[in-house]
2 protein chains.
Amino acid sequence: MSTLVEVGRLAGVTPATVSNVLRGRGRVSESTRERVLAAVQQLGYRPNLNARALVKGRPQTIALIVSSIANPFYPEFALAVEQAVRKHDYFLLMCNTNNDPAQETAYLDAVGGSLAQGVLVMNADFLRVDELIELRRRNMPVVLCMWEKPDLQPELPCVAVDFYQAGVIAAEHLIKLGHQRIGAVVGSEPTGNHQWRYKGFCDTLARAEIAHPPEDVRFTNDTIDAGRNAAHGLLAAVPDLTAIFVSNDLPALGVLQAAADLGLEVPADLSVIGITDIQFAHQVRPALTTVSVPIDEAGELAVQLMMEVIADGEKQVPRMLVTSTPQLVVRASTGRVRRSRD
Amino acid sequence: MSTLVEVGRLAGVTPATVSNVLRGRGRVSESTRERVLAAVQQLGYRPNLNARALVKGRPQTIALIVSSIANPFYPEFALAVEQAVRKHDYFLLMCNTNNDPAQETAYLDAVGGSLAQGVLVMNADFLRVDELIELRRRNMPVVLCMWEKPDLQPELPCVAVDFYQAGVIAAEHLIKLGHQRIGAVVGSEPTGNHQWRYKGFCDTLARAEIAHPPEDVRFTNDTIDAGRNAAHGLLAAVPDLTAIFVSNDLPALGVLQAAADLGLEVPADLSVIGITDIQFAHQVRPALTTVSVPIDEAGELAVQLMMEVIADGEKQVPRMLVTSTPQLVVRASTGRVRRSRD
DNA sequence: CTGAAAGCGCTAACAA
DNA sequence: TTGTTAGCGCTTTCAG
């Protein structure tokens with residue numbers, strides 16, 4: 001690993017000059033520039049990013065904290081974020097807390113130790129928000145990535161997706177198809193992450209004067225297996241459901257499986273709709289009808305907001321960027337009510 | 001962001017002493033230790049990792065280069081790597097080249113500029129291996145993560161998975177079920193990444209004296225869509241296939257879809273087997289029979305090898321760590337030959 | 001247009 | 001047991 005002074009020595013100039021030609025600062029004569037560039041080439045010089053980060057006070061790194069990359073939604077988002085971050089010449093540090101508070105603390109400490117210039121946080125739920133606010137107080141830029149409630153500004157800058165509206169859209173679709181008894185599988189606690197989606201769904205049903213008694217809903221986890229189990233329970237308890245609203249695609253895939261297990265035809269016997277539109281949604285059979293959320297856009301906005309926050313420095317006023325509205329994507333898992341099951 | 005000197009000032013000692021208590025080096029009296037710790041607490045001090053990296057010559061960061069995190073296999077592996085890396089107190093830098101040479105070069109340059117202490121490379125294929133060897137010559141530890149040919153040592157240290165054997169296992173399973181005309185969908189060029197898997201398959205067929213003419217194979221890409229299209233073509237051209245070997249789970253999922261499209265019952269009309277056992281393999285219906293490769297183990301071995309290489313310093317002898325053998329996982333997509341299709 | 005010098009925050013001898 | 005010193009590789013005034 002050669003250094004600036006070695007390059008300088010080879011080119012017969014001082015390190016300062018090398019630094020200048022390398023970043024196009026200061027006026028340098030054509031001849032020295034060429035000599036320097038040649039030396040750089042010859043030595044295969046690469047600037048030491050740590051040294052640079054040290055003198056600049058902050059590294060060219062943004063951390064993305066997610067609870068688990070195992071959920072296929074996160075990689076999709078992480079990819080979007082990474083691309084966006086690269087456009088601004090930053091690097092992405094992946095931080096999987098894996099729902100482990102110890103990991104999370106370790107990451108936050110490291111980031112606080114200027115391992116990164118800012119933190120993008122995916123699942124504010126799984127993190128002790130206090131720690132984030134604490135971090136922010138230390139002038140560490142923090143941006144929340146997937147705030148689910150656009151009409152409620154959290155204490156930190158965030159990118160919001162209108163998941164309430166996604167719930168509304170899903171419900172409207174089902175209602176329009178003539179469904180009158182619609183079950184729900186929610187991939188979180190009643191007061192958890194998915195509550196707004198469910199609320200959008202419920203409010204819409206109420207507006208259409210469609211009954212939705214408490215036994216028609218199951219609260220569970222955000223996984224395929226959980227979705228399948230919940231659907232089994234739900235369908236056993238309430239056999240005359242003709243449709244199920246699921247708060248996320250992953251459990252929706254599980255509901256689809258439960259239908260298959262029970263010999264139910266989708267959508268003839270049962271319609272299923274999810275939310276998010278992860279890649280796999282259109283790769284299962286029957287392909288999943290869902291309400292797509294703008295993942296890439298959210299990633300880009302998050303990074304954009306991060307850049308603003310970084311630029312603003314001290315006066316980090318909490319701010320919210322809202323993505324475009326989720327969109328209905330009709331595929332094969334929803335259809336008109338045809339007949340009641342026997 | 002407070003610094004060592006500030007902490008020292010508050011505790012009435014010099015930065016060196018603070019450094020010592022913080023890392024348990026040198027003998028420090030109990031009383032000063034306590035005073036220092038209190039000061040650290042009070043100021044919320046976090047060591048500046050850049051400064052540390054600079055003086056130590058290398059940061060606590062390992063880079064993982066993958067061609068695209070969009071392929072669901074990579075996140076699974078990335079997760080495993082991240083966990084392993086954390087166990088050694090390193091951080092993981094995610095580097096998605098996205099099959100873009102410019103990105104790749106940018107990453108490699110950055111890593112060369114000591115953004116990371118070592119590089120884990122997922123898809124040696126997509127990278128100009130020369131660049132990696134060049135990097136290694138600069139004393140940058142490089143480890144290849146998923147070498148497919150255990151009996152051929154590449155020029156760099158690597159973790160190998162016996163994919164040839166995986167092909168053998170898949171073929172044996174199909175043969176044992178009585179299949180005599182077995183098609184193949186390979187998710188790479190004939191000389192690409194998946195060639196060894198396919199070779200294992202072919203050799204096994206030959207050993208069993210089962211014919212496998214060239215028209216029974218399709219070479220395509222490693223995606224669901226590609227698998228589906230290839231299967232459509234294959235089944236149209238060779239209708240009397242009773243089973244299809246697929247070199248990876250993703251295209252195997254596509255083959256399953258093609259079967260559904262064509263009204264073929266799996267496995268009654270057609271058996272399908274994949275390789276890898278990604279999470280989704282058991283979450284589609286019919287669940288995919290596959291040959292599982294030890295993803296977590298590969299991740300751990302890769303990191304372990306990386307630690308060795310880092311410790312060894314100069315004398316980086318190329319070395320290979322081989323994971324345990326892939327295992328047959330029988331699910332619902334393969335079965336005995338029942339009848340020929342009409 | 002180029003050089004000299006200081007300093008980012010930390011660690012690691014070596015002194016005291 | 002603690003302090004002093006030097007320096008990691010780079011950027012950035014400020015002089016020349």
Side-chain angles (χ1 to χ4, degrees), chain A residues 1-37 39-40 43-61 109-117 138-140, chain B residues 1-37 39-40 43-61 109-117 138-140:
Chain A
M1 295 279 86
S2 45
T3 72
L4 262 196
V5 325
E6 302 184 51
V7 175
R9 203 153 40 210
L10 185 57
V13 294
T14 59
T17 304
V18 178
S19 176
N20 280 339
V21 346
L22 249 32
R23 279 164 316 106
R25 277 180 52 99
R27 279 151 299 279
V28 186
S29 76
E30 196 50 37
S31 69
T32 49
R33 135 174 273 98
E34 275 170 17
R35 251 179 314 130
V36 167
L37 257 21
V40 165
L43 263 41
Y45 168 80
R46 301 279 182 288
N48 183 319
L49 270 11
N50 292 304
R52 183 175 288 176
L54 180 56
V55 43
K56 294 271 192 136
R58 17 195 62 202
Q60 280 302 97
T61 308
D109 280 353
V111 166
S114 49
L115 219 211
Q117 180 162 166
R138 300 167 185 291
N139 290 322
M140 175 59 63
Chain B
M1 294 278 84
S2 45
T3 71
L4 263 196
V5 325
E6 302 184 52
V7 174
R9 202 151 43 205
L10 185 58
V13 295
T14 60
T17 303
V18 179
S19 176
N20 281 340
V21 346
L22 249 32
R23 279 163 317 108
R25 278 179 53 99
R27 280 152 298 280
V28 185
S29 77
E30 195 50 37
S31 69
T32 49
R33 137 173 272 98
E34 276 170 16
R35 251 180 315 130
V36 167
L37 258 21
V40 164
L43 264 41
Y45 168 80
R46 302 280 184 283
N48 183 318
L49 271 10
N50 292 303
R52 185 175 287 176
L54 180 57
V55 47
K56 295 274 191 130
R58 16 195 62 201
Q60 279 302 98
T61 309
D109 280 352
V111 166
S114 49
L115 218 211
Q117 181 160 167
R138 300 166 183 292
N139 290 322
M140 174 61 61

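Atom set for the values below is all heavy atoms of this structure, side chains included, hydrogens, waters and symmetry mates excluded. Predicted, not measured: the structure shown is a model, and the values here were computed from it. Lettering of chains follows the sequences in order, A, B, ..., and the numbering in each one begins at 1.
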Would one find a side-chain N or O of A/T3 under 4.0 angstrom from OP1 or OP2 of D/dC8?
-> no
Separation of B/E6 atom CD from C/dC10 atom C1', in whole Å?
-> 14 Å
Short side-chain N/O contact from B/S19 to OP1 or OP2 of C/dA12, under 4.0 Å | no
Give the rounded distance in Å between these two atoms: CZ of B/R58 and P of D/dG9.
-> 12 Å
Give the rounded distance in Å between these two atoms: CZ of A/R35 and C1' of C/dC1.
-> 12 Å
Integer-rounded Å distance: D/dT2 C1' and B/L22 CG | 16 Å
Does OP1 or OP2 of D/dC10 have a side-chain N or O of A/R23 closer than 4.0 Å?
-> no
5'-most by nearest nucleotide on DNA chain D - B/T32 or B/L54 = B/T32
Answer whether the closest heavy-atom distance between the side chains of B/T3 and B/N48 falls below 4.5 Å.
-> no
Counting just side-chain N and O atoms, does B/R52 come under 4.0 Å of either OP1 or OP2 of C/dC10?
-> no
Are any of A/T17's side-chain N or O atoms less than 4.0 Å away from OP1 or OP2 of C/dG3?
-> yes
Which of the following nucleotides, C/dC10, D/dG3, D/dC10, is nearest to the side chain of B/A16?
-> D/dG3
Which of these nucleotides, C/dG3, C/dT11, C/dT2, is closest to any side-chain atom of A/V28?
-> C/dT2
Round to the nearest Å and state the distance from B/L49 atom CG to C/dC8 atom P.
-> 18 Å
B/T32 side chain reached by B/V21 side chain, heavy atoms, under 4.5 Å | no
Rounded distance (Å) that lies between atom C1' of C/dT11 and atom CG of B/N50 = 15 Å
May I have the distance from A/K56 (atom NZ) to D/dG9 (atom P), rounded to whole angstrom?
-> 19 Å
Atom of A/D109, atom of B/R46 and distance for their closest heavy-atom approach | OD1-NE, 2.8 Å
Counting side-chain heavy atoms from C-beta on, which of D/dT12, C/dT11, D/dC10 comes nearest to A/N48?
-> D/dC10
Grab the two heavy atoms, one from B/M140 and one from B/Q117, that are nearest each other, plus how far apart they are.
-> SD-O, 3.6 Å
With sugar-phosphate meaning primed atoms plus P, OP1 and OP2, does A/T14 contact a base, only sugar-phosphate, or nothing at under 4.0 Å between heavy atoms?
-> base
Please report, rounded to the nearest Å, how far the P atom of D/dC10 is from the CD atom of A/Q60.
-> 16 Å
Kindly compute the distance separating OG1 (B/T61) from CG (B/L49), expressed to the nearest 0.5 Å.
-> 7.5 Å
